[in-house]
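Naming: A, B, ... by sequence-line order, numbering from 1 per chain.
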Amino acid sequence: MVNEDYTIRYTKNQVWEFLKEIPDPEIPVITIEELGVLRDVEITPTTIIVTITPTYTGCPAMKMFEDDIVSTLKEKGIDNVQIKMVYSPAWTTDWMTKEAKEKLREYGIAPPIDGTADKGVLFANGPKVVVCPRCKSKNTSLKSQFGSTACKALYTCDECLEPFDYFKCI
Amino acid sequence: MTTNEALINYCLRLGDSSLILGQRMSEWCSNGPILEEDIAMTNVALDLIGQSRTMLTYAGKLEGKGRTEDDLAYKREEREFYNTLLSERPNGHFGDTVARNFLHSAFFYHLFQALKSSEDEMIAAHAAKSIKEVTYHLRHSSEWLVRLGDGTEESHNKIQESLNDLWEFTGDLFEMNEVDEILIKEGIAVDLAEVKKEWDKTINQVIERATLTKPEECYMQSGRLNAMHSEYLGHLIAEMQFLQRAYPEAQW
């Protein structure tokens with residue numbers, strides 16, 4: 001008979017490995033680990049508790065993350081999963097790994113520049129220079145603070161004339 | 001009134017204001033003046049509704065009667081909502097929406113700035129999280145206020161009129177009662193008179209930059225604290241709750 005006690009069957013690292021490759025539903029080139037959404041895994045004898053944090057409070061992707069975590073673990077034979085949502089410390093784009101930022105750029109989204117670039121000023125027009133992810137030109141301009149999703153702003157490259165998303169710093 | 005009762009009411013105030021303003025912004029979906037603004041306004045709506053979820057869920061938990069965020073959003077009557085009077089003002093034309101959001105975002109911005117150090121962990125976390133989003137809302141509405149105020153004669157006059165029309169609903173934002181007293185003592189809530197000082201500074205700065213005139217002091221409407229509302233909230237709630245009322249317990 002298989003031992004049902006999760007603390008004996010799995011280690012925290014093992015479960016983390018199962019989960020870390022789950023992609024962002026809207027930006028499939030980056031994972032929940034790279035994004036910094038996956039915060040912790042806790043194993044109790046009867047339940048595996050996965051702690052995540054929302055990027056934006058109203059981000060529709062969060063429900064997808066939850067469903068994907070539950071179904072990924074189910075495939076591994078783990079039925080009792082509890083998702084814990086934590087709000088503090090608040091998610092910041094600073095948690096995004098360097099590799100994730102590079103993947104975003106390759107995917108056509110200008111990555112967040114740094115945590116303080118957009119902050120604090122009432123009339124800042126975003127960070128000074130957002131480099132076009134396609135042609136690498138620095139000659140770009142902000143079209144709207146809100147792009148295809150709340151986490152992105154809309155820019156246009158004045159060199160190659162292509163519009164592109166910029167992942168805002170929060 | 002116990003501290004818990006006061007805290008439940010406080011969470012409803014925060015959650016309801018975000019919810020109602022978010023619902024108002026949702027009304028712009030597909031009706032924006034240009035595509036970018038349509039997207040921007042619905043993004044703001046999404047943030048606000050997300051913020052309300054945290055607070056309504058928490059209020060339900062504190063109450064301990066098993067009510068979920070959905071129960072609180074879809075199954076309460078008009079006289080059980082504690083949102084600000086400003087949040088329920090109709091969208092009007094684009095300038096009216098800009099002016100309302102500007103005044104309200106500046107309020108949220110300074111309120112959350114103060115609540116970041118609340119003794120209640122959940123409120124503090126909520127404030128720290130929300131302020132990141134509200135900063136963008138404030139910047140968005142401020143930039144539009146300036147663009148319209150410092151635009152053509154027509155846009156200037158229209159946005160000035162929007163500000164004047166909304167002014168009598170701004171007093172309600174800063175009113176306090178027993179709930180605030182109890183929670184301020186516990187270090188959970190903040191003195192709204194202090195928030196108002198910061199709010200004044202911000203809006204003065206933007207209004208000046210927009211070449212507009214701050215409306216004159218006038219009679220201020222009140223109601224938020226007693227769940228008394230203008231005639232507009234009932235219609236908004238009727239639309240928002242229609243599905244749950246017509247098909248109880250309907251799920252996605």
- Contact winner vs chain A - B:A125, B:S130, B:A128, heavy-atom pairs under 4.5 Å: B:A125
- Based on non-hydrogen pairs under 4.5 Å, which of B:G50, B:A45, B:A124, B:G22 is most in contact with chain A? B:G50
How about [X]: does its [atom1] atom have over 12 heavy atoms from other parts shown lying under 6.0 Å from it?
{"X": "A:E102", "atom1": "CD", "result": "yes"}
{"X": "A:Q14", "atom1": "CD", "result": "yes"}
{"X": "B:R13", "atom1": "CZ", "result": "yes"}
{"X": "A:K138", "atom1": "NZ", "result": "no"}
{"X": "B:K214", "atom1": "NZ", "result": "yes"}

In Å, rounded to the nearest 0.5 Å, how long is the span from [atom1] of [X] to [atom2] of [Y]?
{"X": "B:Y136", "Y": "A:C151", "atom1": "OH", "atom2": "SG", "value": "10.5 Å"}
{"X": "B:T54", "Y": "A:M85", "atom1": "OG1", "atom2": "CE", "value": "8.5 Å"}
{"X": "B:L35", "Y": "A:L154", "atom1": "CG", "atom2": "CG", "value": "9.0 Å"}
{"X": "A:S144", "Y": "B:I34", "atom1": "OG", "atom2": "CD1", "value": "7.5 Å"}
{"X": "B:E36", "Y": "A:K143", "atom1": "CD", "atom2": "NZ", "value": "8.5 Å"}
{"X": "B:T135", "Y": "A:K168", "atom1": "OG1", "atom2": "NZ", "value": "10.5 Å"}

Indicate yes or no: at least one non-hydrogen side-chain atom of [X] is less than 4.5 angstrom from one of [Y].
{"X": "A:Y56", "Y": "B:K132", "result": "no"}
{"X": "B:I39", "Y": "A:S148", "result": "no"}
{"X": "A:T57", "Y": "B:K129", "result": "yes"}

- Task: Check the pair A:Y87 / B:H126 against side-chain contact (heavy atoms from CB on, under 4.5 Å), numbers first and verdict last.
- Result: CA-CA 7 Å; A:Y87 295 93; B:H126 174 67; over 6 Å; no
- Of all heavy-atom pairs linking A:A150 and B:D47, the shortest is CB-OD1, 3.8 Å
- Task: Indicate the atoms forming the closest heavy-atom contact of B:N43 with A:T149, along with that distance.
- Result: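 For B:N43 and A:T149, the tightest heavy-atom pair comes out as OD1-C, 3.4 Å.
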Given heavy-atom pairs under 4.5 angstrom as the criterion, report whether the side chain, backbone, both or neither of [X] touches chain A.
{"X": "B:L46", "answer": "both"}
{"X": "B:M41", "answer": "neither"}
{"X": "B:Q51", "answer": "both"}

- For the residue pair B:H137 and A:F146, does the interplanar ring angle fall in the parallel (under 30°), tilted (30 to 60°) or perpendicular (over 60°) class? tilted
- Exercise: do B:E121 and A:S88 side chains pair donor with acceptor under 3.5 Å: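 No.
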